[in-house]
Amino acid sequence: MIKLAVTIKMTQELASPIYQDALAIRKKVFVEEQGVDISLEIDGEKGPYHYVLYNDGVAVATGRASWENGGWHIQRVATRKQYRGLGFARQLLTKIETDARQAGAKFLTLGAQDTAQGFYTKLGYQVVGAGFIDAGIPHHRMDKKLEF
């Protein structure tokens with residue numbers, strides 16, 4: 001797949017088409033592919049920054065971030081199946097990190113599915129503490145300190 005025109009948009013408005021695109025990706029990946037109950041997936045929607053990466057106008061990847069103890073808590077990172085392995089999630093997380101730095105966040109934290117730990121490690125995240133189960137899926141907390 002050729003990467004054409006990549007844009008990343010963000011919203012906090014639940015009525016926004018950007019949020020609707022984020023939700024569509026999350027439902028496809030988490031609910032349909034991974035079997036997460038919709039009531040567990042769609043929670044805490046009001047407040048976070050909802051990001052969507054578009055490739056040539058197509059919503060490809062998403063993630064959300066919110067303030068937590070002086071840093072940003074990243075959640076719901078997902079990429080449509082046919083676009084995985086092409087660097088879109090990396091681009092999305094780079095944008096979130098840039099925005100977090102500009103906002104004055106001191107760190108990033110997330111609960112990574114154990115199968116995604118290698119991906120986050122390559123981006124500079126480190127495993128913190130013992131694992132846990134979220135929505136029936138093994139996870140570990142991973143943090144990244146933001147240097148200024």
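The basis for the numbers below is simple: all heavy atoms, side chains too, and nothing from hydrogens, waters or symmetry mates.
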*Applying the 4.5 Å side-chain criterion to the ILVMFWY set and letting contacts propagate, would V60 and F119 be lumped into a single cluster?*
yes
*Would you check if the side chain of K144 reaches a backbone N or O of L123 as a donor-acceptor pair within less than 3.5 Å?*
yes
*With a 4.5 Å heavy-atom cut-off, do R64 and Y51 have their side chains touching?*
no
*Does the side chain of I38 come within less than 4.5 Å of F30's, by heavy atoms?*
no
_To the nearest 0.5 Å, what is the distance between CG on L108 and CD1 on I96?_
8.5 Å
_Counting C-beta onward and ignoring hydrogens, is there a side-chain heavy-atom pair between R76 and H50 closer than 4.5 Å?_
no
*Taking side chain as C-beta onward, heavy atoms only, is Q75 less than 4.5 Å from L110?*
no
Result block: side-chain N/O donor-acceptor pairs under 3.5 angstrom for residues 14-28, not counting sequence neighbours:
from: S16; atom 1: OG; to: I18; atom 2: N; distance (Å): 3.0
from: Y19; atom 1: OH; to: E45; atom 2: OE1; distance (Å): 2.8
from: Q20; atom 1: NE2; to: L14; atom 2: O; distance (Å): 3.1
from: D21; atom 1: OD2; to: Y54; atom 2: OH; distance (Å): 2.6
from: R26; atom 1: NE; to: E41; atom 2: OE2; distance (Å): 2.5
from: R26; atom 1: NH1; to: E45; atom 2: OE1; distance (Å): 2.9
from: R26; atom 1: NH2; to: E41; atom 2: O; distance (Å): 2.9
from: R26; atom 1: NH2; to: E41; atom 2: OE2; distance (Å): 2.9
from: R26; atom 1: NH2; to: E45; atom 2: OE1; distance (Å): 3.4
from: R26; atom 1: NH2; to: E45; atom 2: OE2; distance (Å): 2.9
from: K28; atom 1: NZ; to: E32; atom 2: OE1; distance (Å): 3.1

*What about I42 and V77, same hydrophobic cluster or not, with Ile/Leu/Val/Met/Phe/Trp/Tyr joined at side-chain heavy-atom distances under 4.5 Å?*
no
*CZ of F88 to CZ of R80: how many Å apart, nearest 0.5 Å?*
12.5 Å
*F107 and W72: aromatic ring centres closer than 6.0 Å?*
no
_For D99, is there an ion pair with R101 - N to carboxylate O distance below 4.0 angstrom?_
no
*Sequence neighbours excluded, which residues qualify as side chain to side chain contact (heavy atoms under 4.5 Å, CB included) partners of K81?*
E33, R84
_Spacing of R141 atom CZ and F132 atom CZ [to the nearest 0.5 Å]_ = 9.5 Å
*Under the side chain to side chain donor-acceptor pair (under 3.5 Å) rule, what pairs show up with a residue in residues 126-140, not counting sequence neighbours?*
D114-H140, Q117-H140
*Taking all atoms of both residues into account, what is the closest heavy-atom pair of Q91 and I8, and its distance?*
O-CD1, 3.6 Å
*asked:* Could you report the tightest heavy-atom contact between G71 and A105, atom names first, then the distance?
replied: CA-CB, 4.0 Å
*Is there side-chain contact between I74 and T109, with heavy atoms separated by less than 4.5 Å?*
no
*So do the side chains of V29 and T79 get within less than 4.5 Å of each other, counting heavy atoms only?*
no
_For V52, is there any backbone N or O sitting under 3.5 Å from a side-chain donor or acceptor partner on T62?_
no
*Please examine the side chains of L146 and E97, heavy atoms only from C-beta on, and report whether any two atoms are closer than 4.5 Å.*
yes
